[in-house]
J.: 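Submitted below is the structure of interest, expressed as structure tokens.
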Amino acid sequence: MNNKFKLRLSELNNIKILLPVALFFIVTICIFGPLELYYTNIDSLWFSATDVIISVILPSILAFIILFALYIFLNEKYKINFIVLIFGVTLGLYIQGNFMNIGYGMLDGNSVEWEKYKLWSIINVMVWIVIIIIPFILKKIKPTIYKRAVTVLSYGIILIQVVTICVLSITIKKDDDLSQYFLSQNNMLELSSNKNAIIFVLDTFDDLIFKEILEETPGYKEKFEGFTYFENSVGSYSTTKGSLPFILTQRYYKNEGTYTEYIKSAYSETNFYKKLYENNYDIQLLTLNYFIDSSQANIISNIKKTKLKVASYSKLGSKLYRLTAYRYMPHILKRYFWFYSGEFEDLKGSNTEDHPFSIDNL
């Protein structure tokens, strides 16, 4: 009878430690990771914080159930080591995601040159080994302190993450206008029988590359017969965010206000589209929402003042967790979670017959 009582008491003590550790894992990876990435990249994402929360609720609950199920079905002598392992791995994920990442470049579709990071790969693995081993050593030599330390650290970091998300949600606001319209692709292949002007703006495609292609393959000149080649056009900025609106409006962004304010003023100050409209042109722009000002809806015909919806919350959650893993996984595993940010465009949906335009490199 006494042995059974001791066993149950031991089980209860283990669960008291498992609960904060499980919550630590779930809050860090399933909730904080996706939400923090959303708020720190809010200008580049078309969906809302509510969409993110809806996408992570079910995976968070499932993760909680799975952790406790694994614990219950484990042999008694492995249960405490399972808790220690989950704590060590979660601590490693938290440290990696928030303090131990280096610059891998923007997720703009360009692959990462992983071979450049061989030394960092070794250092990163060694740090991870230390982070995972320390809790086991502490459990072995100071079992009482270990239980208190694991509980306090787990709840403490959870509190830090909750406060961080609350602060971000208050201080970082999404431009509500961005979610209230989209660019339709319904008629993008329709042309006039009278007169057409089609302009292709090629992103990250240098003029020198095109000249090199024409020199190496002269036959391409025949394929582009009838096109006008603007070889003296300059993007003016090192990234699309600045270059594309400049090309479309000829207005510079000088950091004299928010990016949204710049977009609105750039389109209001240019007469180009107004003149085309007055000459009976049907104007369509096919790009990302945040390069366009919705106030031009009366001139640019494929601006639809309808709120976008998420086509699949399960797919959104999958992509968010892949992006989260890319940030939180150790360096040697990151290449398996490499992510192109344009993949979120595939999830655009609407409540109308108009289909939102999505970026597709092909």
Side-chain angles (χ1 to χ4, degrees), residues 3-37 56-101 123-168 321 324-334 337:
N3 287 338
K4 287 183 179 179
F5 179 75
K6 286 178 182 177
L7 184 62
R8 287 173 184 168
L9 189 61
S10 172
E11 188 80 7
L12 183 62
N13 287 332
N14 284 349
I15 289 174
K16 283 182 179 179
I17 304 171
L18 176 60
L19 180 61
V21 170
L23 288 173
F24 179 27
F25 175 83
I26 291 157
V27 170
T28 302
I29 299 303
C30 299
I31 301 172
F32 176 79
L35 276 171
E36 196 261 349
L37 281 167
V56 304
I57 288 174
L58 183 59
S60 300
I61 294 170
L62 287 174
F64 189 81
I65 293 170
I66 290 168
L67 283 174
F68 270 83
L70 287 172
Y71 172 81
I72 290 167
F73 288 108
L74 275 174
N75 186 288
E76 188 64 33
K77 63 180 180 180
Y78 297 122
K79 287 186 174 182
I80 192 66
N81 287 332
F82 172 73
I83 297 172
V84 178
L85 179 63
I86 295 299
F87 174 77
V89 169
T90 307
L91 185 62
L93 292 168
Y94 174 76
I95 293 171
Q96 177 73 54
N98 292 279
F99 309 106
M100 211 163 47
N101 278 323
I123 295 170
N124 190 249
V125 168
M126 291 174 66
V127 172
W128 264 89
I129 291 170
V130 171
I131 291 171
I132 291 174
I133 286 177
I134 285 177
F136 282 97
I137 295 173
L138 189 62
K139 178 188 77 78
K140 187 75 175 176
I141 61 176
K142 297 285 184 179
T144 308
I145 295 174
Y146 141 75
K147 291 176 182 178
R148 193 181 302 117
V150 166
T151 304
V152 170
L153 266 174
S154 294
Y155 282 131
I157 296 175
I158 288 170
L159 181 61
I160 290 170
Q161 292 178 118
V162 169
V163 170
T164 301
I165 290 298
C166 289
V167 171
L168 288 174
Y321 283 128
T324 301
Y326 182 74
R327 176 169 178 174
Y328 282 80
M329 283 292 175
H331 174 81
I332 58 171
L333 296 179
K334 285 188 187 295
F337 298 97

J.: Any donor-acceptor pair under 3.5 Å linking the side chain of K334 with the backbone of Y326?
T.: yes
J.: Just wondering, more than 12 heavy atoms not from Y78 lying within 6.0 Å of its OH?
T.: no
J.: Find out whether V162 and F32 are in side-chain contact, i.e. whether some heavy atom of one side chain is under 4.5 Å from a heavy atom of the other.
T.: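 No, side chains not in contact.
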J.: State whether the side chain of Y321 and the backbone N or O of C30 hold a donor-acceptor pair below 3.5 Å, judged by distance alone.
T.: yes
J.: Please table the atom pairs, donor to acceptor, closer than 3.5 Å between any side-chain atom in residues 123-134 and protein atoms at least two apart or in another chain.
T.:
from: N124; atom 1: OD1; to: H331; atom 2: N; distance (Å): 2.8
from: N124; atom 1: ND2; to: Q96; atom 2: OE1; distance (Å): 2.9
from: W128; atom 1: NE1; to: Q96; atom 2: OE1; distance (Å): 2.9

J.: Checking E36 against T164: is there a side-chain donor and acceptor pair closer than 3.5 Å?
T.: no
J.: Flag the pair L85 / F136 as yes when at least one side-chain heavy-atom distance between them is below 4.5 Å, and no otherwise.
T.: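 A side-chain contact exists here, since the closest heavy-atom pair is under 4.5 Å.
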J.: Identify which one of T28, I31, L37 satisfies the side chain to side chain contact (heavy atoms under 4.5 Å, CB included) criterion when paired with T324.
T.: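 Per the side chain to side chain contact (heavy atoms under 4.5 Å, CB included) rule, the option paired with T324 is L37, out of T28, I31, L37.
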J.: Identify, with sequence neighbours excluded, every residue that meets side-chain hydrogen bond (donor to acceptor under 3.5 Å, both in side chains) alongside K147.
T.: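 With sequence neighbours excluded, K147 shows a side-chain hydrogen bond (donor to acceptor under 3.5 Å, both in side chains) to no residue whatsoever.
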J.: I need the L70 CG to F82 CZ distance, nearest 0.5 Å.
T.: 4.5 Å
J.: Distance under 6.0 Å and angle within 45° of the ring axis: does K79 meet both against Y71?
T.: yes
J.: Compare every heavy atom of F24 with every heavy atom of L91, then report the nearest pair and how far apart it is.
T.: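 Minimum heavy-atom separation between L91 and F24: N-CE2, 3.9 Å.
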J.: Indicate the atoms forming the closest heavy-atom contact of P20 with I158, along with that distance.
T.: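 Looking at all heavy atoms of both residues, the shortest contact is O-CD1, 4.0 Å.
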J.: Do you know the tightest heavy-atom contact between G97 and Y328?
T.: CA-CD2, 3.7 Å
